[in-house]
Peer 1: 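Here it is, the structure in full.
Throughout, a chain's letter reflects where its sequence line sits, starting with A, and its residues are numbered from 1.
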Number of protein chains: 2
Amino acid sequence: MGATKTEHFTDQQNQIAIIAKALGHPARIAIIEYLQKVNTCICGDIVNELPLAQPTVSQHLKELKNAGLIKGNIEGNAICYCIDEKTFDVLKNYFSTIIQTVTNQKCC
Amino acid sequence: MGATKTEHFTDQQNQIAIIAKALGHPARIAIIEYLQKVNTCICGDIVNELPLAQPTVSQHLKELKNAGLIKGNIEGNAICYCIDEKTFDVLKNYFSTIIQTVTNQKCC
DNA sequence: ATTTTATATCGTAATATTGCAATATAAAAA
DNA sequence: TTTTTATATTGCAATATTACGATATAAAAT
């Protein structure tokens, strides 16, 4: 026990959960908001924006990248990061569908 | 070390992270999808829908409720659960803004 | 009153996450 | 070529999450 029982759920359920989980930390939200604010890919500079040590930031960036929320291109000795909208679109559409279905719910 | 440094981030960043985190588990996504499917509040019945023991489901329901994603009303000896769209709206709008900002990004 | 049904809480083991110092890597600058 | 700069990886301690058996609670049914 202790580990998530992913095998009991559908691929789509697991995929949505993985994306949501990656966004489930304020440092990672702060990274996304920074990339949104500068509105371009950023080479370097992310570590200085956050109140966390460099290895910690690197780890958070890796998780966002694994979930498909950001893209990273090597650019010399720096790495250019930017938001990958496609994955945000997946989430947005998923939530939109839920909201639409539920809006006229005959509920308590 | 080990604990999330919430105090370094804004209230909004923490709030979005808390909601996303609550959705970051396939069992909780499955619960949301079940509530969406039946399209009404459900009294009882959720435990039988999931491949997890009753205390585990109860715990997941509590987390969804704490994050504001579902509402629960006591109805006799059962509890009626349903989706709380307001919180999904918060997320949807948040992601919509990100997507809009980023769509014309001059990126790598 | 007792039993059943639905749900919550407690305790705890297994596992995962968070954060960082130390170190590694690899390109750029000197 | 040495140093600097940017980032990743490793290893580990602190903490959090996941899952569930056992047990508690409380209303409904008998």
Peer 1: Taking only residues two or more places apart in sequence or in another chain, which ones pass ring-ring contact (aromatic ring centres under 6.0 Å, His included) with B:F88?
Peer 2: A:F95

Peer 1: List the atom pairs, donor and acceptor, that lie under 3.5 Å between side-chain atoms in residues 3-13 of chain A and the rest of the protein, sequence neighbours left out.
Peer 2:
{"unit_1": "A:T4", "atom_1": "OG1", "unit_2": "B:H25", "atom_2": "NE2", "d": "3.4"}
{"unit_1": "A:T10", "atom_1": "OG1", "unit_2": "A:Q13", "atom_2": "N", "d": "3.0"}
{"unit_1": "A:T10", "atom_1": "OG1", "unit_2": "A:Q13", "atom_2": "OE1", "d": "3.4"}
{"unit_1": "A:Q13", "atom_1": "OE1", "unit_2": "A:T10", "atom_2": "N", "d": "3.0"}
{"unit_1": "A:Q13", "atom_1": "NE2", "unit_2": "B:E33", "atom_2": "OE1", "d": "2.9"}

Peer 1: Can you tell me the distance, in whole Å, between the CD atom of B:E75 and the P atom of D:dA26?
Peer 2: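 Computing the B:E75:CD to D:dA26:P distance gives 18 Å.
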
Peer 1: Check nucleotides 2-9 of chain D against the protein and report each pair of N or O atoms closer than 3.5 Å, with its distance, or say if there are none.
Peer 2:
{"unit_1": "D:dT5", "atom_1": "O2", "unit_2": "A:N77", "atom_2": "ND2", "d": "3.2"}
{"unit_1": "D:dT7", "atom_1": "OP1", "unit_2": "A:G44", "atom_2": "N", "d": "2.9"}
{"unit_1": "D:dT7", "atom_1": "OP1", "unit_2": "A:I79", "atom_2": "N", "d": "3.2"}
{"unit_1": "D:dA8", "atom_1": "OP1", "unit_2": "A:Y81", "atom_2": "OH", "d": "2.9"}
{"unit_1": "D:dA8", "atom_1": "OP2", "unit_2": "A:S58", "atom_2": "OG", "d": "2.8"}
{"unit_1": "D:dA8", "atom_1": "N7", "unit_2": "A:Q54", "atom_2": "NE2", "d": "2.7"}
{"unit_1": "D:dA8", "atom_1": "N6", "unit_2": "A:Q54", "atom_2": "OE1", "d": "2.9"}

Peer 1: Indicate, with yes or no, if A:I42 and A:V47 share a hydrophobic cluster defined by side-chain heavy-atom contacts under 4.5 Å among Ile, Leu, Val, Met, Phe, Trp and Tyr.
Peer 2: yes

Peer 1: What is the distance, rounded to the nearest whole Å, between atom CG of B:L64 and atom P of C:dT7?
Peer 2: 15 Å

Peer 1: Whole Å only: how far is the CG atom of A:L50 from the P atom of C:dC20?
Peer 2: 11 Å

Peer 1: Sequence neighbours left out, what passes side chain to side chain donor-acceptor pair (under 3.5 Å) with A:D84? Give chain and number order.
Peer 2: A:K86

Peer 1: Output the residues of residues 16-33 of chain B in contact with DNA chain D, where contact means a heavy atom of the residue under 4.0 Å from an atom of the strand; sort by number or write none.
Peer 2: B:K21, B:H25, B:R28

Peer 1: To the nearest angstrom, how far is B:H60 atom NE2 from D:dT18 atom C1'?
Peer 2: 6 Å

Peer 1: With a non-hydrogen cut-off below 4.0 angstrom, is B:I74 in contact with a base, only sugar-phosphate, or nothing?
Peer 2: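 It contacts nothing in the nucleic acid.
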
Peer 1: Keeping the roles fixed (side chain from B:T87, backbone from B:G68), state whether a donor-acceptor pair exists under 3.5 Å.
Peer 2: yes

Peer 1: Sequence neighbours left out, what pairs pass salt bridge (charged side-chain N to carboxylate O under 4.0 Å, His left out) with at least one residue falling in residues 49-61 of chain A?
Peer 2: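 For residues 49-61 of chain A, and leaving out neighbouring residues, there are no salt bridge (charged side-chain N to carboxylate O under 4.0 Å, His left out) pairs at all.
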
Peer 1: Using whole Å, report how far NZ of A:K5 lies from P of C:dA16.
Peer 2: 14 Å

